[in-house]
Amino acid sequence: MPRTRKKRLGKLAPRYSFMLNPYVDIKLSVCPACRRSTHKRKFALFIYVEGGGLVAQGLTCRYCTPCELIMVSQQELEEELALTFDERKPEVIGNPYVVVGTIDMKVWKASLGGNRIPAADALAHAADFKRVYGLDPGGWRPAK
C-alpha cells in the first residue's frame, strides 16, 4: 500500500511527474492530462520499502513525453517488489512503500552486475518527482 511524503530525498533536481495506477482494468494508453497516446518506457524507480530500505527497481511503465508523466501499474510494481524481496527479505513483502523518484539508469544497470551501491551514493544519482498524481475512475487529481 503506497504512502505519500513531503521531504526531498534525491540529490538531483526533481524530474518527471508520477502516477500510480491501482486499477487492473485501466491501462492508461492515453495520457489523463493531455489526452495524447502514451508509450512504454523503462525507468529505474527509487523506492523506499518499510523494513526493506531503499531499492532501485527497473520497470517498464506507461509514459507521456509532453507531460513527462510516468504511469505505473500498482499491481506490476508490487509483483516486482515481491520478486525482489522473495529470497533476501520475505518478511517485508506487502509492507507499505513509497516510490520516491527515479535513479540514473547507468547507476541502476551497474548495480545489476552484483555491485551493490551504498545508499548515500545512490541518493547522489536519484531525482524526486516534480509532482505526484492520484487516479480514480472519474479522472485524475493531485495526490494529497
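Starting from 1, each residue takes its place in the sequence as its number.
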Same hydrophobic cluster for Met105 and Leu54, using side-chain heavy-atom links shorter than 4.5 Å among ILVMFWY?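 Yes, same cluster.
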Going hydrophobic residue to hydrophobic residue with side-chain gaps under 4.5 angstrom, can you get from Val24 over to Val30?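 Per the 4.5 Å side-chain linkage, Val24 and Val30 are not co-clustered.
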Please examine the side chains of [Y] and [X], heavy atoms only from C-beta on, and report whether any two atoms are closer than 4.5 Å.
X	Y	result
Leu81	Leu83	no
Cys34	Cys64	yes
Phe46	Leu123	yes
Tyr97	Leu77	yes
Tyr63	Leu69	no

Nearest non-hydrogen partners of [X] and [Y], listed with the distance:
X	Y	value
Lys40	Thr60	CB-CG2, 3.8 Å
Ile103	Ala122	CD1-O, 3.7 Å
Met71	Leu28	CB-CD1, 3.7 Å
Leu12	Ala127	CB-CB, 3.9 Å
Val107	His125	CG2-CG, 3.4 Å
Met19	Pro32	CE-CG, 3.8 Å

Starting at [atom1] of [X], measure out to [atom2] of [Y] and round the result to the nearest 0.5 Å.
X	Y	atom1	atom2	result
Phe18	Ile70	CZ	CD1	7.5 Å
Leu20	Gln75	CG	CD	11.5 Å
Arg62	Ser37	CZ	OG	8.5 Å
Gln57	Thr102	CD	OG1	14.0 Å
Lys42	Cys61	NZ	SG	9.0 Å
Cys31	His39	SG	NE2	11.0 Å

Would you say CD of Glu87 has more than 12 non-hydrogen atoms from neighbouring residues, nucleotides or ligands within 6.0 angstrom?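 No, CD of Glu87 has 12 or fewer neighbouring heavy atoms, counting only those of other groups under 6.0 Å.
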Evaluate the side-chain contact (heavy atoms from CB on, under 4.5 Å) criterion for residues Val49 and Val98: first the C-alpha distance (whole Å), next the side-chain angles of each, then the deciding distance (0.1 Å), finally the verdict. CA-CA 7 Å; Val49 179; Val98 178; over 6 Å; no
Okay, side chain of Asn95, backbone of Glu50: is any donor-acceptor separation there less than 3.5 Å?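 Yes; at least one donor-acceptor contact below 3.5 Å.
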Do the side chain of Lys89 and the main chain of Gly51 share a donor and acceptor less than 3.5 angstrom apart?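 Side chain of Lys89 to backbone of Gly51: a pair is present.
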May I have all residue pairs that pass side chain to side chain donor-acceptor pair (under 3.5 Å) and include part of residues 13-22, sequence neighbours excluded?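 Applying side chain to side chain donor-acceptor pair (under 3.5 Å) to every pair that reaches into residues 13-22, excluding sequence neighbours, yields Tyr16-Arg41.
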So, applying side-chain contact (heavy atoms from CB on, under 4.5 Å) with Ile47, which one of Thr84, Val55, Leu59, Val100 is it?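 Option passing the side-chain contact (heavy atoms from CB on, under 4.5 Å) with Ile47: Val55.
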Name all residues meeting the salt bridge (charged side-chain N to carboxylate O under 4.0 Å, His left out) criterion together with Lys130; count only those two or more places apart in sequence or in a different chain, and write none if there are none.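 Listed in chain order: Glu68.
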Please say whether the positively charged group of Arg131, taken as NZ for Lys or CZ for Arg, lies over the ring of Phe129, i.e. under 6.0 angstrom from the six-membered ring centre and within 45 degrees of the axis.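 No; the conditions do not both hold, so Arg131 does not lie above the ring face of Phe129.
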